[in-house]
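Okay, structure first, notes after.
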Amino acid sequence: MRPVRIPVTTERKRSVRRAKYGYFLAFTVPALAVYVLFAALPLLNSMYYSLFDTDGEVARFVGLDNYHYLFTNPTTSERFWNALVNNLEFFAIHLLVEVPVGLLLAALLTSGRLRRSTGLYRTLLFIPTTLSVVIVGFIWRLIINPLWGLVDYPLLGNENTALPTISLMSVWQYVGIPMIFLYAALLAVPHDVLEAARVEGAGGWTTFWRIKFPLIAPQFGLIAILTYIWTFNGFDLVFALNGSAPGPNYSTDILGTLFYRTFFGSSGQLADLDLGATVASVIFLIILVITGAYFGLLHRRLRSYEL
Amino acid sequence: MRAFRASVALVAAAAVVLTSGCSPSASGGDSGKVVLTLGSWRTEDLAMWQDEILPAFEKTHPNIDVKFTPTNTNEYNAAIQSQVDGGTGPDLITCRPYDVNRSWIKKGYFEKLDGKPMLGAFDQLALDPWAGDDGSPYCLPTAAVLAGFFYNKDIFTELNLKVPTTQDEFLSVLKAVKDNGKYAPLALGSAESWQLAYNGLYSIGPAYWKGEDGRQGLIKGTKKVTDPDFVAAFDAFDAWKPYLPKGSESLKYADMTQLFALGKAAILPDGSWDINQVAVGNLNVGVFGPPAATAGGERYVQEMPDMAIGISAASKHKAEAETFLAWTATPEFLSLYVNKLPGFFSMGKEPVTYTNKLAQEFADLKQGAKLTPRLGLDRLSAGTPPFDDEVWRVLQLMYTKDMSAQDATAELQKGLSAWYGPQQQK
């Protein structure tokens with residue numbers, strides 16, 4: 001944009017504003033277009049499909065019948081609630097293991113105790129995140145294989161241990177994400193504050209919980225809600241390990257695999273596009289409500305300090 | 001503003017490229033050749049079709065160019081449905097057997113094949129899995145798969161065992177291997193429940209429910225899963241349980257195949273499609289069929305119609321598509337196809353010679369045996385809960401949680417009576 005000299009101030013202001021909006025648009029439109037085309041439109045489309053019955057030769061508008069069927073048919077509702085409860089467990093394990101371990105690793109990396117090898121540890125801990133889930137699933141399945149692995153017990157064959165086992169594999173893979181996220185936040189804590197604390201005689205423990213943690217609390221909350229979104233959108237590791245009817249007895253079935261099985265069908269199950277769209281819409285609502293509640297009620301209370 | 005306009009142009013261009021990339025290439029390409037597309041779920045066969053089969057067809061039909069366009073197995077049904085509904089389906093559609101195909105016929109995806117001369121290459125039993133409710137054929141059978149047992153001949157010789165022909169002999173072979181302690185008697189794990197059904201129950205069960213008698217009985221509603229014949233079949237499946245390898249609850253299909261291929265297990269219940277994975281190195285492998293229920297009893301073999309090809313009702317080149325389809329009924333195609341894909345078997349009347357030794361052994365199992373497809377896929381799985389999926393689940397529970405044959409069959413019957421008309425009247 002060439003600088004334009006216009007004597008009248010209001011005129012000039014308007015032109016500056018227009019230029020500003022021009023840039024604003026130029027920078028947002030490409031991303032927005034891709035987002036609308038590949039995320040928002042398909043989402044709305046699938047909600048639209050969930051109101052139709054396409055089993056016959058022509059699609060028929062059925063209102064909320066698909067939702068009614070999903071929650072009242074004994075089989076589909078049982079599978080849905082089972083998947084929801086499993087998904088909550090999947091999320092809880094991530095929240096209780098992955099996020100705290102990520103915090104611990106980030107705290108250790110920024111503690112100054114690892115003077116020379118911080119970069120090495122940071123890289124090593126982050127590497128699993130970059131692996132394909134298929135590889136992660138395959139490696140872990142071999143490690144815990146009762147025939148040729150290290151563990152005698154059929155962890156994945158028992159209804160009680162299968163889901164925690166898969167969750168922990170996923171935690172192992174993705175612990176680098178909260179670690180790097182909180183690591184960056186901890187690096188931003190100003191040195192003079194920490195130095196003042198040290199001068200006042202605060203130890204490492206006190207400094208961390210009284211100074212560093214309150215300063216990164218908003219990021220901690222954010223990573224918790226992101227973990228929620230990621231685990232409720234989870235699918236790939238379970239699918240890679242156990243396929244689309246994840247056993248034993250659907251004990252590792254989560255919402256993502258339930259959707260996949262409903263939408264695409266399985267060898268004995270017809271693909272039900274409408275019911276699949278219904279399941280997808282319900283998953284979206286579950287994520288939307290909790291995420292909205294988090295930002296509306298909780299996140300604002302996590303004070304961020306201006307330093 | 002120039003930047004803004006440029007970025008809008010870029011997005012627009014990208015959108016054009018993307019959408020045009022998604023739409024199918026228009027048929028009728030260069031030099032007056034007709035281009036046909038053939039949809040399939042077997043992505044692994046791409047090279048075979050392109051390099052071996054289609055050239056053989058195009059040599060004699062220079063004016064037709066067939067393109068093999070497979071989709072991932074798991075996504076095939078949904079992909080075909082959205083393509084055909086959206087008007088971009090292939091000219092030739094590979095047909096899933098039974099219920100999926102029946103729903104596609106109802107949606108009008110296929111041309112009727114009534115009275116076409118190519119049907120003459122197949123008998124009625126082979127055409128049935130792809131017939132509509134009106135009994136008309138809509139797809140031409142391509143291949144079937146068989147289920148049976150691979151066994152390690154060296155272990156059998158070492159332990160002085162004979163190939164079992166009845167359930168009792170089968171169990172005593174398993175017991176002998178277990179007592180010897182050197183090898184796993186049965187390479188079977190329950191982590192993947194589908195193969196408990198397809199290679200286990202559906203393979204040995206027909207001897208008890210008398211093949212088509214029992215299967216059609218369930219479909220017509222004259223028999224129940226809780227009938228003694230079916231319970232006996234589930235009991236026979238349960239009798240294998242003491243001979244499963246260590247940690248079988250979490251062993252996958254690949255682990256089982258591996259265990260057998262490494263020479264560490266005597267018997268592998270499997271499908272014919274696994275021939276190439278099993279016969280590796282210098283492993284001395286043989287094949288035997290499902291044991292009869294009693295000595296001198298009828299032998300049954302599970303022959304599962306796997307795929308057929310139909311002509312899309314929306315195709316612009318139906319005459320050419322029909323020419324290609326007729327070619328797939330010729331002995332030339334059938335013997336080419338099944339010999340390129342050992343473990344797949346022609347469903348045609350004309351006998352085919354198999355160059356693969358194990359494939360020929362499998363084909364020989366059909367001699368003198370009654371054939372029957374997998375129990376749960378025809379009609380019984382077209383509602384919720386699908387019978388087939390429920391069978392997978394209860395079989396897994398029998399091996400992991402000691403569910404009894406009575407409870408398993410009772411649960412299956414409950415699931416069927418919940419939605420399947422013919423099973424609801426009583």
Side-chain angles (χ1 to χ4, degrees), chain A residues 1 18-19 22-27 29-30 32-34 37 54-57 59 69 73-76 78-79 141 144-149 151-159 162 165 239 241-245 247-250 260-261 263-273 275-276, chain B residues 1-8 10-12 14-15 18 74-79 81-82 85 99-100 103 106-108 189-194 198 245-252 255 258-259 264 376-377 380-382 384-393 396-397 400-401 415 418-419:
Chain A
M1 284 273 144
R18 203 182 299 142
Y23 279 113
F24 175 73
L25 277 176
F27 285 123
V29 160
L32 196 68
V34 171
L37 204 64
T54 54
D55 269 356
E57 275 173 48
Y69 178 81
N73 178 292
T75 310
T76 51
E78 187 194 326
R79 293 278 173 272
R141 192 174 257 288
I144 62 168
N145 191 311
L147 268 189
W148 20 71
V151 187
D152 243 13
Y153 188 78
L155 286 169
L156 289 171
N158 182 310
E159 279 183 44
T165 306
F239 182 71
L241 280 166
N242 282 349
S244 65
N249 201 17
Y250 295 101
Y260 186 91
R261 192 171 62 246
F263 189 85
F264 290 109
S266 64
S267 110
Q269 189 175 341
L270 300 182
D272 191 337
L273 274 52
L275 197 64
Chain B
M1 293 304 275
R2 206 178 298 150
F4 168 61
R5 248 175 252 138
S7 52
V8 169
L10 196 72
V11 168
L18 281 167
N74 289 325
E75 282 128 38
Y76 179 73
N77 297 5
Q81 278 165 236
S82 56
D85 293 344
D99 294 331
V100 173
S103 79
K106 253 188 226 144
K107 281 163 165 274
S190 51
E192 282 178 70
S193 46
W194 62 268
Y198 293 0
K246 186 183 73 167
S248 64
E249 295 93 332
S250 68
L251 293 189
K252 293 196 87 168
D255 295 325
Q258 195 80 3
L259 190 70
K264 293 183 174 178
L377 289 172
L380 304 177
S381 293
T384 311
F387 183 72
D388 200 48
D389 285 17
E390 287 293 283
V391 172
W392 301 10
R393 191 174 65 83
Q396 196 177 39
L397 285 172
T400 57
K401 289 193 111 185
W419 65 270

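- For the atom pair OG1 (A/Thr75) and CH2 (B/Trp419), the distance works out to 10.5 Å, reported to the nearest 0.5 Å.
- Proximity to chain B is absent for every atom of A/Phe24, based on heavy atoms less than 4.5 angstrom apart.
- Formation of a donor-acceptor pair under 3.5 Å by the B/Gln396 side chain with backbone atoms of A/Asn249 is found in this model.
- Taking both residues in full, the closest heavy atoms of B/Lys246 and A/Asp152 are given as NZ-OD1, 3.2 Å, listed atom of the first, atom of the second, then distance.
- The greatest number of non-hydrogen atom pairs below 4.5 Å with chain B, out of A/Pro248, A/Gly157, A/Gly243, is found for A/Gly157.
- Remark: the A/Tyr69 side chain and the B/Thr384 side chain contain an N/O donor-acceptor pair separated by less than 3.5 Å.
- Using a 4.5 Å heavy-atom threshold, the side chains of B/Asn74 and A/Phe239 count as touching.
- Between chain B and the options A/Asn145, A/Leu156, A/Asp272, A/Leu273, the largest number of non-hydrogen pairs under 4.5 Å is found for A/Asn145.
- Side-chain N/O atoms of A/Tyr260 and B/Glu75 include a donor and acceptor closer than 3.5 Å.
- Using a 4.0 Å cut-off between charged side-chain N and carboxylate O, A/Glu159 and B/Arg393 make no salt bridge.
- With B/Lys401 contributing its side chain and A/Asn158 its backbone, the two residues share no donor-acceptor pair below 3.5 Å.
- A distance-only check finds a donor-acceptor pair linking the side chain of A/Arg141 to the backbone of B/Ser250 [under 3.5 Å].
- Neither the backbone nor the side chain of B/Glu192 comes within contact range of chain A; no heavy atom of the residue lies under 4.5 Å from a heavy atom of that chain.
- In terms of heavy-atom proximity, A/Phe264 sits nearest to B/Ala78 at CD2-CB, 3.3 Å.
- At a threshold of 4.5 Å between non-hydrogen side-chain atoms, the residues B/Leu259 and A/Leu147 count as touching.
- Counting heavy atoms from C-beta on, the side chains of A/Pro146 and B/Leu251 come closer than 4.5 Å.
- Here B/Pro385 is the residue among B/Gly189, B/Pro385, B/Ser193 with the most heavy-atom pairs under 4.5 Å with chain A.
- Heavy atoms closer than 4.5 Å to chain B are found in the backbone of A/Leu241, but not in its side chain.
- Of all the listed residues (B/Asn77, B/Thr400, B/Leu380, B/Asp255), the one sharing the greatest number of non-hydrogen pairs under 4.5 Å with chain A is B/Asp255.
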